[in-house]
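Naming convention: chains lettered A, B, ... in sequence-line order (proteins, then strands); numbering from 1 in each chain. Model, not experiment: these values are computed from the prediction.
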Amino acid sequence: MNVGIKIDHAVKIYKGFTAIHDLSLDIKPGEFFTLLGPSGCGKTTLLRMIAGFNSIEGGKFYFGDRLINDLDPSKRNIGMVFQNYAIFPHLTVRKNVAFGLQNRKMSKEQIQAQTDKFLKLMKIDEYADRMPEQLSGGQQQRVALARALAIEPDVLLMDEPLSNLDAKLRVEMREAIKEIQNSLGITTVYVTHDQEEAMAVSDRIAVMNKGDIQQIGTPKALYQRPENLFVATFIGRTNVINSKIYKDASGVGIVTDEGEKVPVAALIPELVEDGQEVVVSIRPEEFVIDQNNTKGISATVVYSTFLGLNTHYFCDLDNGQRVEIIQESKIDDIIQNGTKLKLDIKTEKINIYTKDGSKALVK
Amino acid sequence: MTRKLKKFDFWVVASIVVLALYILFMLYPMLKVLIQSFVDSETGKFSLMHFQKFFSQPYYFGTLLNSFKVAVASAFFALLIGIPLAYFYNVYRIRGAKTLQMLIILSSMSAPFLGAYSWILLLGRSGVITKFLEGLLGITMPSIYGFKGIVLVLVSKLYPLVFLYVSGAIKNIDSSLLEASANMGRTGLKRFFTVVIPLCMPSILAAALMVFMRALADFGTPMMIGEGYMTFPVIIYTSYVGEVGTDHNFASAVSIIAVVITLIVFLAQSYATKKTTFSMSAMHHIERKEAKTLPSILMHIYSYGVVAVSIFPQIYLIYLSFRKTSSNGNAFKPGFSLDSYKYVFENMGSSIWNTIRICGGALILIIIMAILISYLVVRRNNAINRVIDTMSMIPYIIPGAVIGIALILAFNNPKFPLVGTAWILIISMCIRRIPYTIRSSVAILGQIPMSIDEASESLGAGKLKTLIKVTIPMMLNGIFSGAVMSWVTLITELSSSLLLYTFRTMTLNIAVYVMVAKGSDGRACAMATILTLFTVITLLIFNKFSKDGEIMM
Ligand SMILES: Nc1ncnc2c1ncn2[C@@H]1O[C@H](COP(=O)(O)OP(=O)(O)OP(=O)(O)O)[C@@H](O)[C@H]1O
Ligand SMILES: [Mg+2]
């Protein structure tokens, strides 16, 4: 059974410190939903409120239509995967996976069958009779996942489940998690501070900062149309440049330091006025290097890094600001340090915000 | 605020029950003692006469000084002997190290008064060694009675505590620290004093306090070997059971003074420890190294010498238990026989059964309480449980004799007549032992991450089920090693039991004491041997089942 999760004006206060002020969320049934944000922003806090391990100081939590505020964690039918796995060290892998099933009215045969199914699904059936301490980190993570899934929970909660694994295993496991979530279609809330991981697995992501949600959206929306400067800088890399709006008969756009007008079609004309100071977020790949010096902002190459697929150029603008540009690597020579050139902008992709960064001015 | 009142919760009930038990069996009795200490024995009115009596008469006041001298000297010598032993044992390769450790632990595991008794038989006025030296060489041994004897006995019983504490600390020193100091040119003695000792300081202080407290509160040893040298547990006991007539009120007053003094020492130690505490955990444990030949020989002589001296009295008692005795059991005759054992099994068999039933009952209760309390303290941090935490530490500073008196004053009453039953012994044992067991359980539980409990709950196990199926099994190894130590201290507990027993609830340990007091040496030795057998069996069981062989004090 798939349920949605609805959170209505949640508040969390730890001894006078408000960790979550007023947070609302709507997670659809079967959705892979990720809470993403810097350390200390309240991801774990929110997840544990959903799980029932944290008291709730305000607001309402629903699974489907059911209010769960006062429901004991053991009755919420959740599967939880912990950062440190929290595998029972005194039980074998099989008994760990069967643990949740034994708390239900199920026959021995049913338990056995269900356990086997998930041991196989997570590809740990060959370790079924080992003790947890005889497993590698990745295998332990699989046990934790199998154990959480075996009870066929209504929702699956994961708190940074991959952060203890090495980089390669992390990628491998996240594929596995995504695949299984897809095939079981179970509503999942996933916590991570690794944005690449979030993008890779999520249907939608909520970006959090200091206990508030900054934006909820698909990975694509978050990357291409971040709603504020915090999201723009937190997700992916970007260059933030101060600029001014022009708005006249010819249309709207931004004015470069050199006074050149750059039309930006995506700007919402009603939101801007001529001469307004704004910040522009231009991702490294949204610059186009023009070595012929015809169009764009003047810049000087300071140094470059060749990374195979792409080459990163670090350039200084005339006002001294350092920007990063990513270009697909060419077979020609890498541009020499000290070369003067111009940077054209892919205006349809860039984002423009009010001066304080709080509001997006593009469609 | 949408939060409803907390529903019925197993742990809430547990908190309340535990708190109620502490109030009934500890606070209430101690309050009784406090009240009694301010009551005039004759008129029943409020009076400070007992305190005046204690502080004005050198005879009484002197016991306090005596106790202090004994405790300080014992702690000093126990450290002096125990620290090098721990260092040698953990840093260098000693032949037969495992056996050595077993013997060290074993030598600490009998009641101190038995040690005193055996030393008297060896070095006393008519002791074998004394006689031997006098007869053969004409040397007169210095008297073993009094201060020197008490300290000798206590040190030989208590240095193992220092050994275990300091060994624990050395095990936590990362070997790289020793290597680093060697790199910088510090080795040998200099390294021992400037690196190892400071790193072990918190444990050394803790061990010193333990030894000090035990020595301060020990009653059997000064009673047995002190002769005129009175310490205050002896005063408490004699003014309570008194040959000269009993005075409950005076005994209460001395008890209160004893508790206050112990408290002061305890607080001083906590303060000192706080100043020296740092956390250490070794990634690479120190590997035992082979020492150079001469130092190695000296270390072996030292280690085995210490152990031999401390274990010899126990072995001597075992030897005596197989000796022929006169028909009343009082004097030893040449030759061997099993008569002493025959007598014990025929006439004193009930004390063996009492030991099992009373100490076993107490042990079970202690384990249950320790699990509950440590869970409350570690996992349910709220006001009530913090009070419980503090309360659980109180018995730590109450000498055994005081607990005995408190329980009598509280439950020698027709409405709640526990005095004379086995229950009162069980209760006193629980109270005395629980602080230690709780400390170790708290340490164990603190190492189990909270998420393990939460994982269990998220998988649908309720609170009680989580405790039984997850938490307790994970604590088991630690609890088990704590229980071993508890069991041994329980079967050798004397100072409160001696006030509380009746002939129907006499345990082996008390029976030995009574036999010794009566002068039935052979039978006393036989029972002491049975007691030692209990201990050895406990240790063997422990070694068989324990994972890492660590004993928790
Ligand atoms: N038990 C607690 N008592 C008091 N404050 C707490 C407690 N738990 C968390 N906090 C505070 O609440 C805030 C949010 O913490 P939380 O653990 O939810 O962060 P997080 O987003 O999960 O961070 P991380 O990525 O580092 O895990 C932090 O400022 C933290 O200090
Ligand atoms: Mg967290």
Side-chain angles (χ1 to χ4, degrees), chain A residues 8-11 13 44 47-48 50-61 67 69-91 95-106 132 143-144 147-153 155-157 159, chain B residues 1-14 281 371 375 378-386 441 443-481 545-548:
Chain A
D8 225 9
H9 301 291
V11 179
I13 302 169
T44 300
L47 194 76
R48 290 171 56 85
I50 300 173
F53 297 128
N54 273 352
S55 63
I56 298 169
E57 270 69 42
K60 295 196 169 82
F61 285 67
L67 183 70
N69 279 36
D70 292 316
L71 198 63
D72 197 75
S74 60
K75 307 221 167 66
R76 292 189 182 199
N77 198 25
I78 45 172
M80 182 131 182
V81 180
F82 296 82
Q83 183 171 8
N84 63 355
Y85 318 139
I87 296 177
F88 306 128
H90 62 296
L91 301 178
K95 286 190 177 144
N96 260 286
V97 176
F99 187 91
L101 302 172
Q102 286 160 350
N103 297 320
R104 315 218 156 154
K105 291 193 187 68
M106 282 175 86
V143 176
R147 184 179 69 177
L149 290 170
I151 58 171
E152 301 190 330
V155 296
L156 180 62
L157 306 178
D159 190 356
Chain B
M1 292 281 145
T2 56
R3 242 178 117 56
K4 279 195 282 178
L5 254 174
K6 249 223 141 55
K7 281 169 293 175
F8 170 88
D9 175 336
F10 171 79
W11 290 110
V12 176
V13 179
S281 93
I371 291 172
Y375 196 95
V378 176
R379 293 286 154 91
R380 307 276 143 148
N381 189 344
N382 61 34
I384 296 187
N385 295 335
R386 278 192 291 275
S441 309
I444 299 159
L445 194 57
Q447 281 163 6
I448 303 176
M450 185 69 187
S451 55
I452 293 270
D453 295 41
E454 290 173 350
S456 164
E457 279 193 56
S458 76
L459 293 168
K463 302 209 159 53
L464 196 57
K465 201 161 190 181
T466 299
L467 178 74
I468 293 169
K469 286 186 71 176
V470 177
T471 318
I472 294 181
M474 285 183 64
M475 291 174 74
L476 217 53
N477 196 41
I479 290 173
F480 179 64
S481 62
F545 290 105
S546 147
K547 263 202 204 130
D548 47 10

Is it the side chain or the backbone of [X] that comes within 4.5 Å of chain B heavy atoms, both, or neither?
X: A:I151; answer: side chain
X: A:L101; answer: neither
X: A:Q83; answer: neither
X: A:R48; answer: side chain

Practice item. Evaluate the side-chain proximity of B:K469 to A:L91: yes if any heavy-atom separation is below 4.5 Å, no if none is. Key: no
Check your understanding: What option among B:P449, B:S451, B:P473 has the most heavy-atom pairs under 4.5 Å with chain A?
Key -> B:S451
Review point. After noting the C-alpha distance and the side-chain angles of B:L459 and A:M80, does the key distance pass the side-chain contact (heavy atoms from CB on, under 4.5 Å) rule?
Key: CA-CA 8 Å; B:L459 293 168; A:M80 182 131 182; over 6 Å; no
Closest non-hydrogen atom pair between [X] and [Y], with its separation:
X: B:A455; Y: A:A86; answer: CB-O, 3.8 Å
X: A:F88; Y: B:I452; answer: CE2-O, 3.4 Å
X: A:F53; Y: B:E454; answer: CZ-O, 3.2 Å

Review point. Looking at A:P89, A:A148, A:A51, which one has more heavy-atom pairs under 4.5 Å with chain B than the rest?
Key: A:P89
Exercise for review: Select, from A:K75, A:R104, A:R147, A:R76, the one with the greatest count of heavy-atom pairs under 4.5 Å involving chain B.
Suggested key: A:R147
Point to revise | Spacing of B:M450 atom CE and A:N84 atom CG [to the nearest 0.5 Å] | key: 12.0 Å
**Study point:** B:S456 versus chain A, the contacting section by heavy-atom distance below 4.5 Å
**Key:** both
Practice item. Evaluate side-chain contact (heavy atoms from CB on, under 4.5 Å) for A:D72 paired with B:K463, printing each intermediate quantity in order. Key: CA-CA 10 Å; A:D72 197 75; B:K463 302 209 159 53; 3.1 Å; yes
